[in-house]
S.K.: 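Before we start, here is the structure in question, set down as structure tokens.
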Amino acid sequence: MSGGMILVVFALILWAAGWALNARLAHGPVSQTRAAQIAVPVIFGLTLIAMWELIVRGLAVPGVILPAPSAIAATFVAQAGTLWEDFVQTFVKGALSGFVIGCLAAFAFAILADRTEFLRRGILPVGNFMAALPIVGTAPILVMWFGFDWHSKAAVVVVMVFFPMLVNTVAGLADTSAMQRDLMRTYGAGYFQTLVKLRLPAAMPFIFNGLKISTTLALIGAIVAEFFGSPIRGVGFRISTSVGQLALDMVWAEIVVAALAGTLFYGAVAALEKRVTFWHPSHRH
Amino acid sequence: MSNTAPLAAQGAGVGRSGRVALWARGFSRGLAPVLTVVAAILALWYLACIPMNAPQSVLTASRADIAVDPESPSDRRGMSGTALALRNPGVALSYAYVQDRPKLPAPHQVSVELWNSTAVLAPTSPRSLIYHAWVTLSATALGFAIGTGLGILLAVGIVHSRVMDMSVMPWAIISQTIPIIAIAPMIIVVLYSVGIQGLIPKAVISAYLSFFPVIVGMVKGLRSPDSMQLDLLRTYGAKKSEMFWKLRLPSSMPYLFASLKIGFAASLVGAIVGELPTGASAGLGARLLAGSYYGQTIQIWSALFAAAILAALSVGLIGALERVLLRRMGMQQ
């Protein structure tokens, strides 16, 4: 048996071992503990990465098709400066600023629209319809309007996150029962008191749902908009040029950056949600 | 809405025209607010065209020897569209909706282009939007089928295997926080280098985007039967497979359809984005890209609306299928 095949067989053995370990953890007495719930997916992920490395080496897959994880890690370390520059351009300047502007605008608009029943009835279906449309398609138009730099990327993000956020906030503000509102009225609470003390807290699960959807949309919008023109930095720009140069290790390093940014962003919003909506059934243990 | 008039509803007792009153009530509760919002959006759009297109309008007018306010072009360069429109209201208004490459085309210009490129041109013409929509739709449908199949299979595995639930589910969630679009160019290049091109790479991206809503919805749906129902089947001596086919699968249908609608919209986005980095010559994404290269704004907007109409029609079709199927299964009256 050649050396390559031994590595592939070893990868399969590793897979079986990882799966067996996970099966023991999942069915054993420790399965309900927090540690096991984290350990099982981590073991699964590590097994996959190890298999990837072994199979790429064992079958001698060329780097232009699939680079090994070690090669990606090496590029990640060696190109850290470039990656950081791209991260700042795409995530901090494009996605984050667009996310903040878009979510705040949708929130303010929802509060205004919520004051009349008529507007609310009109905005919900239209907003739901718009949220289902392929809004990324506006990227070429917005790049034309706002230029190649991060402003156009932020604009695409604003348009993309606006409708999911609007629909969720409007639906959330309507999510109080007549009994609860009557109680506020018997307390003599005015519109603003009812809004701040009852309806906004009640809307928080919906608002955070919108925010969580928007985190992924924001990154997608910022990256896709770079395909339509960008200055010579940014995750989307680097991906499309590196693909052209067949430098796939660089592409994967950028994907790692995007994945880390996306996961941390989502995680941050989810952690905030846990603190704000601690009273909601889905967060009680 | 039901055909019989609810006795205790507002307007139900208006004279003998219960049906008309009900219709009027339904209109004022349902359709009228939506139409108002749509009309407001259209009005804002028409209004926005004037300042957006003002620089071009003023330039065209000055070339046609019509007096415009800052006479020299160098004075006009630094001015915003709004300022130009305010100082030359007549010119800005009369040229706003007739330009060939407006910065913001008016709704009627987009509709005319849509009509011309769908109804007037033959569907086989490379300029016909029906042709491009078909190219995108076929990739979307293939990817959607792959993604849905994979999502259902994984969901069945997750519901029946605790190991899979604990190890795969977190990764499925994490995979969605990654902007998958970032991988699109690479998928296309890698598949090309192993000899696969055309429909499949786009379908792969579509499949990746659509599998997640399906997996989440199906896991929820397959777990939706409560313990009472499961216990009942157990007392009947049902096997695991019978429990799946007779209880879990039927009760997951409403969840499946809700996910299918989201999944289809996602896979359409996937197919469109999949056409961007390759410089594909056909498809709605290619149409967007070509329009942005040549500054053909009307073409971009009509491709965008074609994509929107395609999404709306497909999601409507899935909704109709859902109603028929659920009614035949006796889950909805």
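Within every chain, numbering begins at 1; the chains are lettered A, B, ... in the order of the sequence lines, protein sequences first and strands thereafter.
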S.K.: With a cut-off of 6.0 Å (strictly less than), are more than 12 heavy atoms of other residues, nucleotides or ligands near CZ of B:F257?
M.R.: yes
S.K.: Name the region of A:T215, side chain, backbone, both or neither, that has any atom closer than 4.5 Å to a heavy atom of chain B.
M.R.: neither
S.K.: Would you compute the distance between atom OG1 of B:T297 and atom CD1 of A:I141 and round it to the nearest 0.5 angstrom?
M.R.: 8.5 Å
S.K.: With a 4.5 angstrom heavy-atom cut-off, could you sort out which part of A:I223 is near chain B: side chain, backbone, both or neither?
M.R.: side chain
S.K.: Counting only heavy atoms not in A:K212, do more than 12 fall under 6.0 Å of its NZ?
M.R.: yes
S.K.: Minimum heavy-atom separation for A:W145 to B:M52, with atom names?
M.R.: CE2-CE, 3.3 Å
S.K.: Going by ring pair (Phe, Tyr, Trp, His ring centres under 6.0 Å), name the residues that satisfy it together with A:F265, two or more places apart in sequence or in a different chain.
M.R.: A:F91, A:F99
S.K.: Check each atom of B:I41 against the heavy atoms of chain A and say whether the ones under 4.5 Å are side chain, backbone, both or neither.
M.R.: side chain
S.K.: Measure the spacing between CZ of A:F227 and CG of B:L288 and express it to the nearest 0.5 Å.
M.R.: 14.0 Å
S.K.: Can you name the closest pair of heavy atoms from A:M144 and B:I300 and give their distance?
M.R.: CE-CD1, 3.7 Å
S.K.: Is A:I123 close to chain B through its backbone or its side chain, or both, or neither, when contacts mean heavy atoms under 4.5 Å?
M.R.: both
S.K.: Relative to chain A, which segment of B:V37 carries a heavy atom at a distance below 4.5 Å: side chain, backbone, both, or neither?
M.R.: side chain
S.K.: With respect to chain A, which residue among B:I262, B:T36, B:L268 yields the maximal number of heavy-atom pairs within a distance under 4.5 Å?
M.R.: B:T36
S.K.: Which atoms of A:T138 come close to chain B, meaning under 4.5 Å heavy atom to heavy atom: side chain ones, backbone ones, both, or neither?
M.R.: both
S.K.: Minimum heavy-atom separation for A:P41 to B:W171, with atom names?
M.R.: O-NE1, 2.7 Å
S.K.: If you count heavy-atom pairs under 4.5 Å with chain B, which of A:G137, A:A218, A:G236 comes out on top?
M.R.: A:G137
S.K.: If you count heavy atoms of other groups shown closer than 6.0 angstrom to CH2 of B:W134, is the number above 12?
M.R.: no
S.K.: Examine whether an atom of A:L48 lies under 4.5 Å from a heavy atom of chain B, and if so say whether it belongs to the side chain, the backbone or both; otherwise answer neither.
M.R.: neither
S.K.: Using a cut-off of under 4.5 Å on heavy-atom pairs, state which of A:L219, A:V243, A:L246 scores highest against chain B.
M.R.: A:V243
